[in-house]
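Order of the sequence lines fixes the chain letters, A, B, ..., with proteins taken first and strands second; residue numbering starts at 1 for each chain. All values below come from the heavy atoms of this structure, side chains included, with hydrogens, waters and symmetry mates left out.
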Amino acid sequence: MRHWLMKSEPDVYPIEALERDGATFWEGVRNYQARNFMRDDMAVGDPVLFYHSNAEPPGVAGVAKIARTAYPDDTAWDPANHYHDPSCPVGEPRWLRVDVAFVERFARVVPLEALKANPALEGMLVTRKGQRLSVQPVSAEHFAEVLRMARALAEA
DNA sequence: GCCAACGTTGGC
DNA sequence: GCCAACGTTGGC
């Protein structure tokens, strides 16, 4: 089992929407490295930190889990879709999506600033400057530490 | 295969 | 809204 962090802009799809929906298609990934993580390394049940990017504050908003492994993202072929990729030949599954299920919404977002300030999270990708991957692996230790921070924030 | 131009991400 | 970082594209 591997652990993950996946970014979503709350203006587009916040953790509250996943809580409401129960599960969702994680579509629109148009980066090869992120796609390869989904294709090669994700398994059903893998835990996911649900991260709010372009948010105030940016940070981890809750937990999800992988509910279905990678399969073709057909939004790439739909000219009307925001994620349409005109260079992608129809029928050729270049881009993939996974299904993600809701697990937990944190009482408070664990802010990026707090992640950066925590020495136990040294090296965590999301804390690195210029790190833009929307799907990234997280070590089991870092994952557990973020959960611990979320519990502490909820009690504060 | 190099690399400049360009587009996007995402914190601030 | 700015802009640094960085992935992608395309001319050569």
Side-chain angles (χ1 to χ4, degrees), chain A residues 2-19 21 24-42 46-66 70-100 102-139 142-143 145-150 152-154 156:
Chain A
R2 300 191 64 174
H3 296 71
W4 305 97
L5 179 146
M6 298 173 83
K7 297 178 183 174
S8 184
E9 300 193 18
D11 288 348
V12 177
Y13 196 83
I15 186 85
E16 288 81 5
L18 183 62
E19 183 174 29
D21 297 341
T24 193
F25 312 119
W26 203 274
E27 61 199 14
V29 172
R30 297 292 180 267
N31 171 283
Y32 287 105
Q33 206 178 342
R35 180 205 66 182
N36 293 348
F37 280 131
M38 294 199 297
R39 183 187 63 195
D40 302 332
D41 300 311
M42 277 186 177
D46 280 0
V48 177
L49 295 175
F50 192 106
Y51 181 88
H52 281 174
S53 61
N54 264 321
E56 185 50 51
V60 180
V63 178
K65 65 181 176 186
I66 303 304
Y71 62 104
D73 181 357
D74 54 22
T75 63
W77 301 313
D78 178 2
N81 193 281
H82 176 68
Y83 300 115
H84 179 229
D85 176 3
S87 75
C88 184
V90 172
E92 182 182 303
R94 174 184 304 170
W95 299 115
L96 304 172
R97 67 186 181 192
V98 295
D99 292 356
V100 164
F102 176 77
V103 174
E104 173 185 2
R105 180 168 59 85
F106 293 159
R108 297 195 204 172
V109 170
V110 180
L112 176 61
E113 189 179 31
L115 302 180
K116 286 180 172 175
N118 185 344
L121 296 179
E122 175 100 46
M124 189 177 181
L125 287 176
V126 76
T127 66
R128 299 230 291 245
K129 188 179 179 183
Q131 209 303 122
R132 308 187 311 184
L133 261 186
S134 61
V135 175
Q136 32 181 279
V138 176
S139 74
H142 286 170
F143 194 99
E145 177 63 16
V146 173
L147 284 189
R148 198 197 58 73
M149 294 171 76
L153 271 179

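The number of heavy atoms from other shown groups lying within 6.0 Å of CD (A:Glu16) is above 12.
A:Met149 places a side-chain heavy atom less than 4.5 Å from the side chain of A:Leu121.
When DNA chain B is scanned 5' to 3' for any atom under 4.0 Å from a heavy atom of chain A, the first and last hits are B:dG7 to B:dC12.
Aromatic pair A:Trp26/A:Tyr13: centroids not less than 6.0 angstrom apart.
Heavy-atom distances to DNA chain C give each of A:Asn54 and A:Gly130 a nearest nucleotide, and the one nearer the 5′ end belongs to A:Asn54. Comparing A:Tyr32 and A:Lys129 by the nucleotide of DNA chain C whose heavy atom lies nearest to each, the residue mapping closer to the 5' end is A:Lys129.
Judged by distance alone, the side chains of A:Tyr83 and A:Asp78 never bring a donor and an acceptor atom under 3.5 Å apart. Using a 3.5 Å distance cut-off with no hydrogens or angles, the side chains of A:Arg132 and A:Ser53 do not pair a donor with an acceptor.
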